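Below, read A as the first sequence line, B as the second, and so on, with proteins coming before strands; counting in each chain starts at 1. This one's a predicted model, so the numbers in the text were calculated from it and none came from an experiment.
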Amino acid sequence: KQEVTQIPAALSVPEGENLVLNCSFTDSAIYNLQWFRQDPGKGLTSLLLIQSSQREQTSGRLNASLDKSSGRSTLYIAASQPGDSATYLCAVRPYDFGNEKLTFGTGTRLTIIP
Amino acid sequence: GAVVSQHPSWVICKSGTSVKIECRSLDFQATTMFWYRQFPKQSLMLMATSNEGSKATYEQGVEKDKFLINHASLTLSTLTVTSAHPEDSSFYICSAQDSGVEKLFFGSGTQLSVL
């Protein structure tokens, strides 16, 4: 059974700093990995999707990396802003044809201090 | 980008009543939708996979008679919480896959509070 863990569970950093969020998964047979953002009481917004054959994806100040063999992914946020405060979730999709189920991590609650 | 509309965003009901939550894909067709449940400060737990035109597939431990799922069209899935009790109070989120981009798009969620 796939298990996805995110460390740390919570993180507070001053505005402007660069930061890294970590995601680890136990079964490396994945199809892709996604990073999501969730604001309090809201749904999820997809930030980046990395296919299993890719090493990283970038969007603006965000960069996500994937090391499938070691079961790890990182989300790098550059020049953090107060608007980045949210909970960040990673999720993996298994490498089963037609299986679109995602297993979510426990999330990292990020607070950017102005 | 693709949009998934979930309604209502919040609902308060009395114990024993039933509540229906709708999930619509607005600009794409979704043969498969997913329903998740999220407790405070916890991650999303998949409840069931909703398949258009067929029965939903429930995850282990999820009561199918309590959480009725109907996926009557390629753009609409509904989750009905039957005979709701306080322990059913939770945040429910749906998602739908746009097969053209291989991304899952999520609804804005429904906060259910059962008194």
Item to complete: Would you confirm whether the ring centroid of B/Phe67 sits within less than 6.0 angstrom of the ring centroid of B/Tyr58?
Response: no
Highest number of heavy-atom pairs under 4.5 Å with chain A among B/Ile93, B/Thr110, B/Thr32, B/Leu44 belongs to B/Leu44
Rounded to the nearest 0.5 angstrom, the CZ-CZ distance for A/Phe25 and A/Arg72 is 10.5 Å
Exercise. Relative to each other, are the rings of A/Phe36 and A/Phe104 parallel, tilted or perpendicular (30° and 60° limits)?
Worked result: tilted
Pair count under 4.5 Å, heavy atoms only, with chain B: among A/Gly43, A/Ala91, A/Ser46, highest is A/Gly43
- prompt: How about A/Trp35 and A/Leu62: do any of their side-chain heavy atoms sit closer than 4.5 Å?
  reply: no
Bottom line for A/Gln6: the part with an atom under 4.5 Å from chain B's heavy atoms is neither
Whatever's closer than 4.5 Å to a heavy atom in chain A on B/Gln6 counts as neither
* Do B/Lys55 and B/Lys64 have side chains that get closer than 4.5 Å, going by heavy atoms? -> no
Under 4.5 Å to a heavy atom of chain B? For A/Leu89 that would be side chain
